[in-house]
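Below is one structure, written out as structure tokens, with a few remarks after it.
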Amino acid sequence: MPIDFSWFYFIGHKKLGLNNKEIGRLTITTFNKLYKHYKDDFDYELLLKTTNTTYEKAHQDYIAGELW
């Protein structure tokens, strides 16, 4: 199955905010790591939005969980 590089350029532009030169210099491993961080951040922000939670409240909950 051939690799569709247009997907890498689309995600690089629209989701990661990179230009063609920056995308072209990325290795597949680096691209995948950046994209994973993007997805994790998107999921976290969507969770905060759907639960109507602020960053401060999420941080306080995290600290409270660490104390146990």
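Just so you know, these numbers come straight off a predicted model, no measurement behind them.
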Donor-acceptor pair, distance only, cut-off 3.5 Å: does the side chain of D41 make one with the backbone of H37?
no
For the backbone of L18 and the side chain of H13, can you confirm whether one donor and one acceptor N or O come within less than 3.5 Å of each other?
yes
Shortest non-hydrogen contact from [X] to [Y]?
X	Y	answer
L16	F31	CD1-CE1, 4.0 Å
T50	L47	OG1-O, 3.2 Å
A58	Y44	CB-OH, 3.2 Å

Does CG belonging to D43 count more than 12 external heavy atoms closer than 6.0 Å?
yes
Measuring from atom NZ of K39 to atom CG of N32, what distance do you get when rounded to the nearest 0.5 angstrom?
8.0 Å
Inter-residue atom distance H59.NE2 - D61.CG, 0.5 Å rounding:
10.5 Å
Report yes or no: do W7 and I28 belong to one cluster of Ile/Leu/Val/Met/Phe/Trp/Tyr joined by side chain heavy-atom distances under 4.5 Å?
yes
L46 with L48, same ILVMFWY side-chain cluster at under 4.5 Å:
no
Aromatic plane relationship, Y38 with Y35 - under 30° parallel, 30 to 60° tilted, over 60° perpendicular
parallel
Side-chain contact test, heavy atoms from C-beta onward, threshold under 4.5 Å: evaluate it for E66 versus Y62 and give yes or no.
yes
Under 4.5 Å between any side-chain heavy atoms of L34 and L26, yes or no?
yes
